[in-house]
Amino acid sequence: MVSEASFENRQYYPLQVPWAVKQTIKRWFHQYREASLAEQFRTFLEAFLTSLPTTQANFLANLLVGHVQPGKTITQLAQTAEMSLAEATLIQTDLVCQLVQFIQQEQAPVFTTLLAGLVNSPVSQSALQTVQAYNQGQSLSTISQRRHLKDSTVREHLLEAAILEPLNAFDYERTLSPALQTKLADIFDQQSIDEWQFDQVAPLSLEFWQFRLYEILRSKQDDQ
């Protein structure tokens, strides 16, 4: 909407999103629409994308839709990157969670208002239920069966919570044992997190979401 408005374009195909989401965005747009909104949004997006590793920034930028820019689907990005759709979806969820966290840190009303529905916790209620079951000791397969969720959705929920919740609110050692963390620390010794690559942990046979979980853990430990 911001992109099209900056070109004074009133005729375009809106994204196919739930009705409630459309209404929320419309109210937000009419509240903050002004001459500088497009510039504020561009500056904000540039700041966020610059904060990400280049591969992640490109991934998210390719999903964006704007004036004469239809954006790519998650399926197209998965094919281009030669990864599974489940892995690409995990990356997308991870980036959206990072975006929410970035908006919270900015504390600019024009952006934080977009998070109006996240009053008590930035984590979705469904993800909170998944994490509660996980912290109680249930296996991922059990959670998937009992909650009638796809395995990939359970993993997305755990990453969402790990990113957005405080460090002590998530049981990292359920998936990342102290011994495994030691091996990972040895592999990434003397490297900054931005330099880590998934293929470096190939000898450990980790799944991508476990690698990402370790990145989140180390990032939060470094911030303390």
* Linking I/L/V/M/F/W/Y whenever any side-chain heavy atoms sit under 4.5 Å apart, do Leu85 and Phe211 land together? -> yes

* Are Val96 and Ile103 in one and the same hydrophobic cluster, where Ile, Leu, Val, Met, Phe, Trp and Tyr link if side-chain heavy atoms are under 4.5 Å apart? -> no

* Asked: Nearest 0.5 Å, what's the CD-CD distance between Gln136 and Gln132?
  -> 5.0 Å

* Asked: Between Phe29 and Ala5, what is the shortest heavy-atom contact and its length?
  -> CZ-CB, 3.6 Å

* For Arg155, which residues count as a salt bridge (charged side-chain N to carboxylate O under 4.0 Å, His left out) partner, sequence neighbours excluded? -> Glu207

* Is a donor on one side and an acceptor on the other found under 3.5 Å between the side chain of Asn62 and the backbone of Asn58? -> yes

* Asked: Checking Arg147 side chain against Ser126 main chain: does a donor-acceptor pair fall under 3.5 Å?
  -> yes

* Structure fact -> The salt bridge (charged side-chain N to carboxylate O under 4.0 Å, His left out) partners of Arg174 (sequence neighbours excluded) come to none

* Linked, directly or transitively: Val201 and Ile193 (ILVMFWY side chains, under 4.5 Å) -> yes

* Measure from the side-chain N and O atoms of Gln56 to the backbone N and O of Pro53, and report whether any donor-acceptor pair falls under 3.5 Å. => no

* Asked: Do the side chain of Gln181 and the main chain of Leu176 share a donor and acceptor less than 3.5 angstrom apart?
  -> yes

* Asked: Is the backbone of His157 close enough, under 3.5 Å, to the side chain of Thr130 for a donor and an acceptor to pair up by distance?
  -> no

